[in-house]
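Here the structure comes first, spelled out in structure tokens, and everything after it is commentary.
Numbering of residues begins at 1 and proceeds along the displayed sequence. For clarity, every value in this text was computed on a predicted model and none was experimentally measured. Below, each value reflects all heavy atoms present in this structure, side chains not excepted, and no hydrogens, waters or symmetry copies.
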Amino acid sequence: MSTITTGNTSDSTYAQYAFPETSNTRADGMGQADFLRLMTEQMKNQDPLNPLKGAEFLGQLAQFSTVQGIENMQQAMNAMASVMENDQSLRAATLVGRDALVEVDSVSLGAGAGASGEIVATRAGTIQLEVVGAGGQVVRKLSVEASGSGPVPFGWDGKDADGNPLAAGTYTFRASTGSGEQSEALAVRMAARIDSVSIEPQGLVLNLAGLGSVPLSTVRRIG
């Protein structure tokens with residue numbers, strides 16, 4: 001309780017028995033000054049017949065220094081994490097509206113909408129590309145020539161073999177090279193526009209038109 005002081009002498013007489021004022025603020029942890037004060041009191045009140053040995057004293061100092069060093073390192077790591085998160089936000093803002101190349105073979109398209117991407121060739125030769133509709137039927141076949149191993153770009157106009165625009169839906173792209181026992185399936189990468197970017201605990205997540213949300217780690221190229 002707080003001490004109330006008035007001009008009355010009898011009141012000031014009882015004031016000495018009032019509880020002392022306490023501060024509402026309290027340190028979150030023991031600081032260096034607190035630790036040294038405790039060490040001093042320990043040395044003043046130690047048993048004269050069994051005093052604190054130098055090695056024990058140094059050990060306690062080393063332990064305190066280690067804990068303090070870990071706390072300082074934790075503060076530095078938190079500051080670094082905050083800087084990295086801000087940097088990610090700035091990078092994310094520059095990605096919106098650009099095209100990303102992702103390792104997926106299916107994409108959702110509007111009516112008559114085309115698609116583009118690349119096929120990862122393993123050798124030179126002709127690559128057969130099939131566009132498969134949601135029902136499993138092949139709606140278009142394309143051929144792409146590879147001059148060697150590496151990515152080979154392709155494009156599809158969203159039409160069937162007769163030139164008719166196809167309905168909206170999900171389409172899968174299957175690529176292969178060779179024939180018969182020499183046939184080999186090839187990886188396909190689809191290109192899509194980055195509509196927005198989300199910052200998740202695991203990192204940046206790109207929200208792509210027709211492909212949905214994909215982590216940045218699956219993106220092979222951003223144009």
So how far is it from [X] [atom1] to [Y] [atom2], rounded to the nearest 0.5 Å?
{"X": "Thr218", "Y": "Leu208", "atom1": "OG1", "atom2": "CG", "value": "7.5 Å"}
{"X": "Ile119", "Y": "Leu129", "atom1": "CD1", "atom2": "CG", "value": "4.5 Å"}
{"X": "Asp160", "Y": "Arg140", "atom1": "CG", "atom2": "CZ", "value": "7.5 Å"}
{"X": "Leu166", "Y": "Leu109", "atom1": "CG", "atom2": "CG", "value": "9.5 Å"}
{"X": "Tyr171", "Y": "Met190", "atom1": "OH", "atom2": "CE", "value": "12.5 Å"}
{"X": "Ile222", "Y": "Thr94", "atom1": "CD1", "atom2": "OG1", "value": "8.0 Å"}

Flag the pair [X] / [Y] as yes when at least one side-chain heavy-atom distance between them is below 4.5 Å, and no otherwise.
{"X": "Arg193", "Y": "Asp99", "answer": "yes"}
{"X": "Lys141", "Y": "Gln128", "answer": "no"}
{"X": "Ile127", "Y": "Phe154", "answer": "no"}
{"X": "Asp105", "Y": "Arg174", "answer": "no"}
{"X": "Val107", "Y": "Phe173", "answer": "yes"}

Problem set entry | Transitive ILVMFWY cluster of Val132, excluding itself - 4.5 Å side-chain cut-off |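 Under the 4.5 Å side-chain rule, Val132 groups with Val138.
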Could you pull out the closest heavy-atom pair between [X] and [Y], with the gap in Å?
{"X": "Val152", "Y": "Ala146", "answer": "CG2-CB, 3.7 Å"}
{"X": "Leu186", "Y": "Ala121", "answer": "CD1-CA, 4.3 Å"}
{"X": "Pro165", "Y": "Gly112", "answer": "CB-CA, 4.0 Å"}
{"X": "Gly155", "Y": "Leu142", "answer": "O-CD1, 3.7 Å"}
{"X": "Asn207", "Y": "Val197", "answer": "ND2-N, 4.0 Å"}

Check the hydrophobic clustering (I, L, V, M, F, W, Y; side-chain heavy atoms under 4.5 Å; chains of links allowed) and say if [X] and [Y] are grouped together.
{"X": "Leu101", "Y": "Val205", "result": "no"}
{"X": "Val96", "Y": "Val219", "result": "yes"}
{"X": "Val120", "Y": "Val102", "result": "no"}

Problem set entry | Check: Thr126 main-chain N/O paired with Thr177 side-chain donor or acceptor under 3.5 Å |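 Side chain of Thr177 to backbone of Thr126: a pair is present.
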Exercise. Do other residues, nucleotides or ligands put more than 12 heavy atoms under 6.0 Å from the CZ atom of Arg221?
Worked result: no
For this session: Check the surroundings of atom CD in Gln182: do more than 12 heavy atoms from other residues, nucleotides or ligands lie under 6.0 Å from it?
Result: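 Atom CD in Gln182 is not crowded, with 12 or fewer foreign heavy atoms closer than 6.0 Å.
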Exercise. Salt bridge (charged side-chain N to carboxylate O under 4.0 Å, His left out) between Arg123 and Glu184: does it pass, once the steps are laid out?
Worked result: CA-CA 10 Å; Arg123 61 180 183 267; Glu184 177 185 5; 2.9 Å; yes
